[in-house]
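Input: a single structure, listed below in structure tokens.
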Amino acid sequence: MSKKKLYLLLSIACATGYIWLIFTYFNNAPNNGIGICIFKHFTTIPCPSCGSTRSVISLLNGDILGSLLWNPFGLILVAIMAISPIWIFYDIIKHKETLFQSYTRAELFLKRKWVALPAILIVLANWAWNIYKGI
């Protein structure tokens, strides 16, 4: 992926995420059953990321344990959504590629079998946890 595509994709993803969070936070949507999980809609089985919005909202309300119980991936989303825009802005202002370089290194790291296999197992375990909880 090129630097331009990465920065554009991250910017769009963060903007979309912020818009979705604002919508759900102020409309209390997670408690109203509003969801966008296409997988769950068609299979009635929650996907590994189901509960992420509720996790992020719980974290924003200061409920760290509740956030972890909804979906631990919510913590990762908060970190990405908080850091990415600042990092992109820094790179643009300073004419650097630090985010792109870090992304490239992380991508190479995650492609290693000894890293990829545990990561896949963690995602599968989280999926099983979501199914068990009946999100």
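With values rounded to the nearest 0.5 angstrom, Leu69 atom CG is found 9.0 Å from Ser58 atom OG. Put simply, OG on Ser52 and CD1 on Ile76 are 9.0 Å apart, with the number rounded to the nearest 0.5 Å. Separating the CG atom in Leu77 from the OG atom in Ser49 is a distance of 8.0 Å, to the nearest 0.5 Å. Here Ser11 contributes atom OG and Ile92 contributes atom CD1; the two are 6.5 Å apart, rounded to the nearest 0.5 Å.
Checking side-chain atoms of Asp91 against main-chain N and O of Leu99 turns up a donor-acceptor pair under 3.5 Å. For the pair Tyr7 (side chain) and Phe100 (backbone), a donor-acceptor distance under 3.5 Å is present.
Counted within 6.0 Å of CG on Leu108, heavy atoms from surrounding residues, nucleotides or ligands total more than 12; the atom is thus considered enclosed. In the displayed structure, Lys3 atom NZ is contacted under 6.0 Å by more than 12 heavy atoms of other residues, nucleotides or ligands. By the neighbour-count criterion of 12 heavy atoms within 6.0 Å, atom OH of Tyr18 is densely surrounded, having more than that number from other residues, nucleotides or ligands. More than 12 heavy atoms of other residues, nucleotides or ligands lie within 6.0 Å of CD1 in Ile131, so this atom counts as buried by the packing criterion.
Applying side-chain contact (heavy atoms from CB on, under 4.5 Å) to Tyr103 and the options Glu107, Arg105, Gln101 leaves one that passes, Glu107.
Under the 6.0 Å cut-off for aromatic ring centres, Tyr90 and Trp87 do not qualify, their centroids lying 6.0 Å or more apart.
Legend: residues meeting ring pair (Phe, Tyr, Trp, His ring centres under 6.0 Å) with Trp127, ordered by chain and number and at least two apart, are Phe39.
The closest side-chain heavy-atom distance from Trp70 to Thr53 is not below 4.5 Å.
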